[in-house]
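Below you'll find the structure, written out as structure tokens, and then a few comments.
Sequential numbering from 1 along the given sequence is applied to the chain's residues.
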Amino acid sequence: MLAIFPLFLLLGLFLPGFFIAKCLRHTLWGASAFTISLIVLFHSIFWLGVFHISITLWTVLPSLIVTSAGAAWLQRRSAIPVAASPAPRLTAQDRILILSSGLVGAVLLVHSAISPLMGGDMLFRWDFLAQRLLALGRFDFYPPLTPADFRTYFFVDGIPPMVSFTHWWLYASAGRYLPSLICVFVAAQFACTLTFTYGAASAVFSRRAGVLAAAMLAASPLYFRSVVLGQETGLTALAIAATLYFVVTARQAGDVPAMVSAGLAAALCALSREYGWVALIAGVVALLWKRQPLKQVFVFGAVAMAAAAPWYARNWMLAGNPFYSLRFGGFAVNPIHDRILHYYSASVDVQGWSIGNWASVLLPLLVFATFQVLAGIPGGFSRFRQQGYLLVTALLLVAVWIQSIGYTSGGVEISTRVLSPALVVLSITGAGILERWTRRTRWCAALAIAIIACQLWTAAQGAIYPSDPFSLPVGQWLQSAFPHIGANAEFQIRDQLVRILPPGERVLSDSAYLHAALIDSGIEVVPVWSPEVRFIFSASPEESERRLRALRIGSVVCYPQTKNMAYLTSASPFYASLPERWRPLAQVGDFMFILAPRKP
């Protein structure tokens with residue numbers, strides 16, 4: 001099927017949105033087509049699952065074809081041609097900045113093709129859900145609530161599966177699981193985000209500012225990392241850029257197409273991650289700041305809600321919490337996983353950080369988001385009366401990041417990827433203030449050279465990522481470029497684990513990686529937060545062991561150096577007694593131990 005893969009790729013990620021974009025009179029129709037097509041693809045898969053229809057390439061295709069054909073028919077009958085407004089010609093420096101931005105995109109494409117699963121939780125979350133969907137043709141196990149659900153999907157998640165659904169479409173279109181195809185999705189996010197950033201800055205300031213904004217975004221290593229990981233942060237940046245573009249290009253009154261488009265873009269953000277609802281808030285703030293009629297605000301909000309709310313309504317009906325399993329009001333959560341997350345938060349204690357703590361986090365941003373910090377922040381205060389909504393949006397997005405720090409198991413550094421949409425906004429505000437410098441030939445050349453230098457720095461860092469450029473000698477950068485990043489240790493020792501553990505063995509663990517590695521081996525990994533084993537947090541060690549034997553759980557795999565293990569030993573009498581009552585059956589270094597009961 002690889003021979004016709006490009007056709008299916010167009011049907012899923014371009015054609016439905018292309019005709020809808022034409023109906024809505026979009027000028028940036030390529031980026032708009034990709035953005036809207038993602039929404040169409042999501043709902044084509046989602047509603048099949050809701051009605052318990054098997055999800056395959058051939059059951060999803062009819063929806064995409066009908067949507068494309070219907071939009072094409074409507075576009076021919078009723079679309080109003082877009083009036084071509086004369087735009088200043090690109091200067092030589094503009095073309096050079098666009099080409100150098102393309103170089104960064106090429107590095108991202110190659111790196112993603114070689115190591116498509118480099119993101120820390122791709123193996124058990126984002127891509128794993130796509131694999132399960134490909135194998136089973138359903139997602140009724142997600143979010144996992146029952147012991148049977150946890151056999152299929154280990155982690156306590158209810159994240160909107162926009163990323164996973166799109167990965168599934170790539171694999172289904174190719175006829176097999178082929179992770180390198182993710183690079184197409186990742187590169188499209190990068191290109192379309194730069195396009196919308198250009199469009200928004202051009203509408204707010206000038207065509208020259210648009211080129212600068214897109215080039216500065218491409219010059220940020222932090223943005224590069226946020227996209228190349230292949231998780232939600234590439235989509236949230238794209239959605240914020242698109243939302244702002246459609247809002248700032250809307251006519252003063254009656255521009256329903258622009259509001260529909262902005263609403264769909266905000267919905268993309270909300271369907272990428274729970275915190276993506278911030279796009280709806282940001283859009284409303286921008287519209288009110290620009291004194292758009294309340295009708296415009298209503299249309300924007302109604303479209304965003306209509307496109308994004310069904311997923312959250314499903315979560316609410318199934319799990320008792322639209323944002324399952326995040327603590328939100330009095331809604332239901334998985335109690336064990338919720339306590340673990342708040343144990344993370346308490347250990348980080350962001351609210352108690354000193355100035356020194358904040359400095360250690362924020363100073364690296366000068367290196368990884370140079371223009372956004374040095375020009376974007378001052379630019380947000382410039383012309384505040386006219387464009388203050390940009391600064392407010394940036395502050396909202398930074399607040400989302402600060403809130404996420406305590407719940408990111410990978411640590412503070414990896415949490416900074418959540419700043420990707422803020423980088424979009426700060427690139428726009430930075431371009432607004434730097435554009436004034438370009439009116440002088442000397443400053444114009446100096447600024448272009450500085451941006452290109454940062455883009456080359458971003459490309460070089462991106463090529464060796466995830467290696468630390470400051471700990472790797474420059475002479476080794478070339479040989480370290482585009483590394484193939486292997487899977488976690490659990491995948492590397494999978495065969496040994498299968499030999500150690502008896503066939504049909506059930507293993508208790510907190511590792512989603514272990515579950516993903518052993519999913520098709522005949523060995524079941526039971527999560528500590530499954531309702532099936534919740535007794536280990538209240539019963540005595542002796543009682544827990546008896547009940548575990550009754551459930552055919554004969555081994556425990558633990559990771560002594562992790563925060564999870566610190567919580568488990570403090571909260572579970574069973575885990576606290578493991579050193580005395582269980583013996584090591586095998587171990588991997590100092591980080592992973594397979595334990596079995598001591599013989600009486």
**Least distance between heavy atoms, Ser427 atom then Thr197 atom** = CB-CG2, 4.5 Å
**Message:** Quick one, Val104 with Phe190, criterion side chain to side chain contact (heavy atoms under 4.5 Å, CB included). Give me CA distance, side-chain angles, the key distance, then yes/no.
**Reply:** CA-CA 10 Å; Val104 178; Phe190 178 86; 4.0 Å; yes
**Message:** What I want to check is whether the side chains of Ser360 and Asn357 have a donor and an acceptor closer together than 3.5 Å.
**Reply:** no
**Message:** Using the rule given for salt bridge (charged side-chain N to carboxylate O under 4.0 Å, His left out), can you reason through Asp157 versus Arg273, listing the C-alpha separation, both sets of side-chain angles and the distance that settles it, and then say yes or no?
**Reply:** CA-CA 11 Å; Asp157 270 339; Arg273 194 70 190 249; 5.8 Å; no
**Request:** Apply side chain to side chain contact (heavy atoms under 4.5 Å, CB included) to Met118 and His484, showing your working.
**Result:** CA-CA 9 Å; Met118 73 179 79; His484 176 73; over 6 Å; no
**Asked** Side-chain contact, heavy-atom cut-off 4.5 Å: Tyr343 with Asn564?
**Response** no
**Prompt:** Should Cys269 and Trp277 count as side-chain neighbours, where that means a heavy-atom distance under 4.5 Å?
**Reply:** no
**Message:** Using the ring pair (Phe, Tyr, Trp, His ring centres under 6.0 Å) criterion, which residues pair with Phe124? Sequence neighbours excluded.
**Reply:** Phe155, Tyr513
**Asked** Between the main-chain N or O of Ala219 and the side-chain N or O of Thr458, is there a donor-acceptor pair closer than 3.5 Å?
**Response** yes
**Message:** Keeping Ser164 on the side-chain end and Pro161 on the backbone end, is there a donor-acceptor pair under 3.5 Å?
**Reply:** no
**Prompt:** Can you tell if the side chain of Leu90 reaches within under 4.5 Å of the side chain of Arg207, non-hydrogen atoms only?
**Reply:** yes
**Request:** Only counting residues at least two apart or in another chain, list the ones meeting ring pair (Phe, Tyr, Trp, His ring centres under 6.0 Å) with Phe224.
**Result:** none
**Prompt:** With no hydrogens and no angle check, is any side-chain donor or acceptor of Gln587 less than 3.5 Å from a backbone partner on Ile594?
**Reply:** no
**Prompt:** Just by modelled atom types, is the Phe482 backbone N or O under 3.5 Å from a matching donor or acceptor in the His111 side chain?
**Reply:** no
**Prompt:** Just by modelled atom types, is the Leu217 backbone N or O under 3.5 Å from a matching donor or acceptor in the Ser220 side chain?
**Reply:** no
**Request:** Give a yes-or-no answer on whether the side chains of Glu435 and Ser206 include a donor-acceptor pair shorter than 3.5 Å.
**Result:** yes
**Item:** Ser404 and Tyr275 side chains, donor-acceptor separation under 3.5 Å
**Value:** no
**Asked** Do the rings of Tyr142 and Tyr153 sit parallel, tilted or perpendicular, given the 30° and 60° boundaries?
**Response** perpendicular
**Message:** I want to check something: taking the side chain as every heavy atom from C-beta on, are Ile240 and Thr236 in contact at a cut-off of under 4.5 Å?
**Reply:** no
**Prompt:** Is any side-chain heavy atom of Leu9 closer than 4.5 Å to a side-chain heavy atom of Leu170?
**Reply:** yes
**Request:** Report yes if the side chains of Arg208 and Gln93 come closer than 4.5 Å at any heavy-atom pair, otherwise no.
**Result:** yes
**ring-ring contact (aromatic ring centres under 6.0 Å, His included) evaluation trace for Phe154 with Trp529** = CA-CA 9 Å; Phe154 186 93; Trp529 41 73; 5.5 Å; yes
**Request:** Given side chain to side chain contact (heavy atoms under 4.5 Å, CB included), test Arg95 with Thr91 step by step and report yes or no.
**Result:** CA-CA 6 Å; Arg95 293 190 179 94; Thr91 66; 5.9 Å; no
**Item:** Under 3.5 Å side-chain donor-acceptor pair for Tyr177 and Asp127
**Value:** yes
**Item:** side-chain contact (heavy atoms from CB on, under 4.5 Å) partners of Val398, counting only residues at least two apart
**Value:** Trp401, Ile402, Leu419, Ala422
**Request:** Determine whether more than 12 heavy atoms belonging to other residues, nucleotides or ligands lie under 6.0 Å from atom CH2 of Trp457.
**Result:** yes
**Request:** Give a yes or no answer on whether the side chain of Trp126 reaches the backbone of Gly230 with a donor-acceptor pair at less than 3.5 Å.
**Result:** no
**Request:** State which residues pass ring pair (Phe, Tyr, Trp, His ring centres under 6.0 Å) with Phe139; sequence neighbours excluded, sorted by chain then number.
**Result:** Phe165
**Salt-bridge contact Arg417-Glu232 (side-chain N to carboxylate O under 4.0 Å)** = yes
**Asked** Is the backbone of Leu13 close enough, under 3.5 Å, to the side chain of Trp169 for a donor and an acceptor to pair up by distance?
**Response** no
**Request:** Can you establish whether the number of heavy atoms outside Phe591 located under 6.0 Å from its atom CZ is more than 12?
**Result:** yes
**Request:** Could you tell me whether a side-chain N or O of Thr408 sits under 3.5 Å from a main-chain N or O of Gly411, the two making a donor and an acceptor?
**Result:** no
**Request:** Please determine, by modelled atom types, if Gln561 and Asp590 share a side-chain donor-acceptor pair under 3.5 angstrom.
**Result:** no
**Request:** Could you list the residues that satisfy side-chain contact (heavy atoms from CB on, under 4.5 Å) with Val348, not counting sequence neighbours?
**Result:** Val350, Trp353, Ile405, Lys563
**Request:** Report yes if some heavy atom in the side chain of Ser37 is under 4.5 Å from a heavy atom in the side chain of Phe18; otherwise report no.
**Result:** no
**Asked** Do Thr166 side-chain atoms and Met162 backbone N/O form a donor-acceptor pair below 3.5 Å?
**Response** yes
**Prompt:** Parallel under 30°, tilted from 30 to 60°, perpendicular over 60°: which one fits the rings of Tyr245 and Phe196?
**Reply:** tilted
**Prompt:** So do the side chains of Tyr171 and Ile182 get within less than 4.5 Å of each other, counting heavy atoms only?
**Reply:** yes
**Message:** Pro378: which residues meet the side-chain contact (heavy atoms from CB on, under 4.5 Å) condition with it, sequence neighbours left out?
**Reply:** Ile433
**Item:** Over 12 foreign heavy atoms within 6.0 Å of CG, Leu363
**Value:** yes
**Fill in**
On a heavy-atom basis, the closest approach of Ala174 and Leu181 is CB-CD1, 3.5 Å
**Message:** Would Arg225 and Tyr465 count as a cation-pi pair here, with the cationic atom under 6.0 angstrom from the ring centre and within 45° of the axis?
**Reply:** no
**Item:** Contact summary for Thr152 and Arg132, nearest pair of heavy atoms
**Value:** O-CD, 3.5 Å
**Asked** Is a side-chain N or O of Asp468 found less than 3.5 angstrom from the main chain of Phe470, in a donor-acceptor match?
**Response** yes
